[in-house]
Amino acid sequence: MIKITVNGREVEADPTKPLIAACDDSGIDVPRYCYHPAMEPKGSCRICQVEVSEGGRPGRVMAACRTQVSEGMVVNTEADGAHDARRECLEFLLKNHPLDCPICDKAGECTLQDYSFQEQQAAGRTGEPRANLEKRVDLGDVIMLDQERCILCTRCVRFQEEVTKKPELTNAGLASNSYITTFAGRPLTGNYQGNLADVCPVGALTLKPFRFKARVWNLEKSSSTCAECSRGCSISVEVLRRGDVKRIRPVFNPDVNQWWMCDTGRFSFPEVNDPERLLGGLVANGADLMGSTTGEAIKHAASVLSTSGSKVLIASPFLTVEEAERVQPLAAAIGAELLFVSPDANDLKDDLLHTGDPCPNRKGLENAGFRGISPKDAADRVTGADAAVLVGERILKLLGGFDLGATKLVTFDTTACLASGVEACIATPFYVEKAGTWINVDGHEGELTIARPLPSSVSPLETSLEELTKTLSRTGASV
Amino acid sequence: MVIVKRKQLSFSEKLYLPEILKGMSMTFRAMFKPRTTRQYPEEPLPVNEVTRGQPRLATNDEDGSIRCVSCGLCEAACPAYAITIDGQDTDRNAITIGGDVTEKFIEREPESFDIDMLRCILCGFCEEACPKDAIFMSDELELADFNRNDLIYGLDKLKRPVSQLRPRIDYIYKVNERWQAPSSTR
């Protein structure tokens, strides 16, 4: 570590990193388009210009991402010369930018907007017509490219070269006719395409599933943990008008996912926007199921469980640590073993993030004394018992369809099970509607926060489980 | 303490009928005098381009296409939270506004555009925020219905041809010096 002075403050800097990283570490914001801490600095956008003076010489304006720090360097990020350089740079960047912000999905989180506003640089001096490039280039299932909006920072090219190590994008053409394209116009492949839209500092690369779905300033963002594999990437769940989740984006977490997440997790939000979710509860009424409140369903479940012989309890790998603690007394009350469904690893495993294991809280459940069993084994145990309790989000989906036989079934899930023999279904929240903890494959804790309000007819799983345990102990005492 | 004495009625007043006739004659005479009040609703309120009535969405005269690109700026500017917009993808070619093609094509258009007229305070912020000259305060002032849901106006009730809004558009350009666009792009 060496010492440099930034804006009159002495800070420590890592000599292996560029000057802009030292500014970041000391909490000083320097504008950037092409620089990304995960990639080699390229210095193509020139917006990160700061004034640097060394050895008492007068300051010179230079790009902070391509400047190595040296002992005793004096940096002024707010010097007049630096601002002038940034303004000139912005004028060039905006020369061919179409300024279709009202249409662009990036508007609101676009750094081109932010820095233009910050530097008060909007008008250009040239009368030349803007470049005429392709507005809609289809780059596969995930990404749409707008070549006119592109400022050629090449973050996307470097992301594929340096992070996924599968280069598919390139900068073609010369000088002012440059544009981003794929090799031979082939569509993009791989499970990390969504990150291209995140690294793009402007609206050139946009996510097709998010295109024109919402304005970003209307999205309410909450930090959460991805549910699609046992990596447990830190994510931001973005909800429109307290209703549907419109987008999931990675949040920087140096221990788990850095800046990235896979497309499987990114586009998993339809799972939590299920229009056919169960509200309240369902209670068996003769051969049919009848809608009820959760309280009535729990009461019915307790009476069924207290009059049956052998009982099993199967938990979902989506249970949080806190919910697992509430399952333990319930399992003890009905005399069942602590089990959770552990599906086989899927073929999505890769070297970067996806672990291939679809259980987000496997570690947490195993720590709580649960044992993982295959879905087939779980189904066999359910049909072999007199009564079964299935607890947790997506448990019915993980078990798949099976013949219940004479088993009486009580489910806690977001959807209803309509098979004959189902005695009670109790609605539970989706993972974006609860607070809790998941423990990922490496033992890191991932926080879940409430991203949208729970419907009034659904109660938290912890409350439902506690109530069922309490009701059971009361009926047990009376018998 | 003030004591007010009651007026003693005269004989003709006690008879009641002469006084009624006196009153009726006054009424009948007034019926043939010139009217001094506005005969609303038969005679509508006078409106001109300065009237800030209910917001309406402009559609191009050429093909009836909507100018709105659902950017959400009016929604953001609305102090009464009356506007709700959902966008969608469109392949519609940009339309020629006043003979000039202003954009290559419009990628986005509103899927739904709702203004809750019960919330709208007719402040005109939406008109001011709109970057596409798509929403203007019309001269329509009357608002009545039998239930609240029908007063949430959707696209079908909000669309108006731009020629109908022209006086207001011209007025807005006149009073806002910063909106210095050539007349052909209005």
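Computed from a prediction, not measured in an experiment: that's the story for all the values here. In what follows, every chain begins at residue 1, and chains take the letters A, B, ... in the order their sequences are listed.
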**OP:** Specify the closest pair of heavy atoms between A:Phe212 and B:Arg108, including all atoms of both residues, with the distance to one decimal.
**Re:** CD2-NH1, 3.0 Å
**OP:** Please report the closest heavy-atom contact between A:Arg136 and B:Thr90, naming both atoms and the distance.
**Re:** NH2-O, 2.7 Å
Would you find more than 12 non-hydrogen atoms of other residues, nucleotides or ligands less than 6.0 Å from [X] atom [atom1]?
| X | atom1 | value |
| --- | --- | --- |
| A:Arg211 | CZ | yes |
| A:Asp84 | CG | yes |
| A:Phe183 | CZ | yes |
| B:Gln8 | CD | no |
| A:Glu276 | CD | no |

Counting a contact as any heavy-atom pair under 4.5 Å apart, which residues of [range] contact chain A?
| range | result |
| --- | --- |
| residues 46-59 of chain B | none |
| residues 70-87 of chain B | B:Ser70, B:Cys71, B:Gly72, B:Leu73, B:Glu75, B:Ala76, B:Thr84, B:Ile85, B:Asp86, B:Gly87 |
| residues 15-27 of chain B | none |

Original post:
Does A:Ala451 have any side-chain contact (heavy atoms from CB on, under 4.5 Å) partners at least two apart in sequence or in another chain, and if so, which?
Top reply: A:Ser222, A:Val237, A:Val239, A:Val432
